[in-house]
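Okay, so here's the structure we're looking at.
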Amino acid sequence: MLKIAICDDDERICKELNHIVEELCEDIEYDYDVSIFLDGKDLIDSIGKSGSFDIIFLDIQMKEITGIEIGNKIRDVFLDEKTIIIYVTGIKEYVFDVFDSRPMHFILKPFEKEKVGTIFKKAMDLVQKQKQVFRYKVGHHYYTVLQSEILYFESIERKVRIVTKSGIEEFYGKISDLTDLRLPNFIQIHRSYIINIDNIE
């Protein structure tokens with residue numbers, strides 16, 4: 001399920017973006033849910049109560065709280081680096097004010113359907129990449145872990161250790177089996193280590 005939020009105090013803009021998003025998701029038969037917010041505070045409340053969204057279309061100029069303030073709160077208060085933020089505005093000068101919230105893109109009003117579609121498809125590709133899982137077997141049971149959560153794999157004797165952001169898992173296997181899988185964004189830097197290049201600092 002792709003969770004999408006559209007936040008703009010102009011209802012017409014929300015409807016336009018919603019129509020484009022629905023069209024694209026239905027064309028590729030992607031399961032999705034769109035939430036529309038005409039007020040930035042309602043979006044913040046929703047995130048606080050129900051969790052983050054995969055993609056947020058966020059107007060910069062809004063009453064009471066700006067899109068930039070919301071973006072910074074998502075990153076710095078909710079500590080959410082995964083949500084893809086796409087800013088929407090009619091003023092080009094704002095481009096240089098949004099970088100602290102690390103947006104994926106910037107859409108200028110009035111926008112073209114094709115341009116929005118291209119940006120949205122890139123965002124969907126990033127979400128799919130974030131949600132890819134690695135599947136492994138322990139005993140008679142299969143388990144999965146998000147690939148984006150994996151820091152590295154380590155080969156120890158007849159086992160492979162999965163070191164993630166939240167802990168360590170192990171299963172019987174060989175590091176060469178992982179190499180054969182050609183996991184995207186993972187590279188082998190040593191005969192015993194395969195690392196996630198997205199998690200390099």
Side-chain angles (χ1 to χ4, degrees), residues 1-133 146-149 165 185 198:
M1 169 73 75
L2 186 67
K3 287 182 64 182
I4 304 158
I6 298 170
C7 184
D8 196 307
D9 54 9
D10 185 334
E11 192 172 355
R12 180 182 56 84
I13 294 292
C14 289
K15 286 181 178 178
E16 280 185 51
L17 286 171
N18 186 42
H19 179 70
I20 293 169
V21 166
E22 286 184 341
E23 237 182 30
L24 287 168
C25 287
E26 287 170 8
D27 280 349
I28 60 174
E29 299 180 350
Y30 206 102
D31 195 18
Y32 69 97
D33 179 68
V34 180
S35 299
I36 293 176
F37 302 91
L38 298 174
D39 182 281
K41 288 186 175 179
D42 291 340
L43 172 60
I44 291 296
D45 288 344
S46 175
I47 294 172
K49 291 175 184 175
S50 307
S52 61
F53 291 88
D54 295 310
I55 301 170
I56 299 178
F57 288 93
L58 188 55
D59 183 25
I60 289 180
Q61 289 177 293
M62 290 188 288
K63 298 171 185 175
E64 296 187 41
I65 182 169
T66 69
I68 295 172
E69 290 173 304
I70 294 168
N72 289 337
K73 191 161 189 174
I74 288 170
R75 301 301 190 218
D76 301 332
V77 177
F78 293 115
L79 302 178
D80 176 2
E81 293 291 340
K82 290 185 178 179
T83 293
I84 294 170
I85 298 174
I86 301 170
Y87 281 113
V88 184
T89 186
I91 302 175
K92 291 182 181 180
E93 286 70 22
Y94 279 121
V95 171
F96 298 104
D97 297 327
V98 302
F99 289 113
D100 284 343
S101 57
R102 298 172 285 288
M104 190 208 90
H105 222 293
F106 197 94
I107 295 173
L108 285 173
K109 303 175 187 176
F111 48 75
E112 299 174 3
K113 179 180 175 182
E114 292 75 17
K115 178 71 173 176
V116 176
T118 299
I119 293 169
F120 181 61
K121 284 176 182 175
K122 287 181 181 177
M124 289 176 71
D125 288 342
L126 286 173
V127 171
Q128 285 181 311
K129 178 181 167 185
Q130 288 175 355
K131 292 188 174 184
Q132 285 180 321
V133 297
L146 285 170
Q147 290 184 22
S148 60
E149 291 293 307
K165 295 175 182 178
N185 301 306
D198 286 342

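You'll find the side chain of R102 stays beyond 4.5 Å of the side chain of I85, heavy atoms only. Two residues are said to be in side-chain contact when any heavy atoms from C-beta on lie closer than 4.5 Å; L58 and L43 meet this criterion.
When the salt bridge (Lys or Arg N to Asp or Glu O under 4.0 Å) test is applied to E112, no partner is found at least two apart in sequence or on another chain.
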Got a list of side-chain donor-acceptor pairs under 3.5 Å for residues 6-17, not counting sequence neighbours?
from	atom 1	to	atom 2	distance (Å)
D8	OD1	D10	N	2.8
D8	OD2	K109	NZ	3.1
D10	OD1	R12	N	2.9
R12	NH1	E16	OE2	2.9

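Each of I119, D54, V127 was evaluated against I84; a single residue qualifies, V127, per the side chain to side chain contact (heavy atoms under 4.5 Å, CB included) test. Partner M62 forms a side chain to side chain contact (heavy atoms under 4.5 Å, CB included) with one of I70, D39, I68 and no other, that one being I70.
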- Message: side-chain contact (heavy atoms from CB on, under 4.5 Å), that's the test. Do I56 and I74 meet it? Break it down for me.
- Response: CA-CA 11 Å; I56 299 178; I74 288 170; 3.7 Å; yes
- Task: I would like to know whether N185 and Q147 meet side-chain contact (heavy atoms from CB on, under 4.5 Å); could you show each step before the answer?
- Result: CA-CA 9 Å; N185 301 306; Q147 290 184 22; over 6 Å; no
- Query: Under the side-chain contact (heavy atoms from CB on, under 4.5 Å) criterion, do K115 and I107 qualify, and how do the steps go?
  - Reply: CA-CA 8 Å; K115 178 71 173 176; I107 295 173; 5.7 Å; no
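To the nearest 0.5 Å, atom CD1 of residue I47 and atom CZ of residue F78 are 5.5 Å apart. Interatomic distance, CG of L108 versus OH of Y87, reported as 14.5 Å (0.5 Å rounding).
S46 contributes no side-chain N or O that, together with a main-chain N or O of D42, makes up a donor-acceptor pair within less than 3.5 Å.
In the displayed structure, K113 atom NZ is contacted under 6.0 Å by at most 12 heavy atoms of other residues, nucleotides or ligands.
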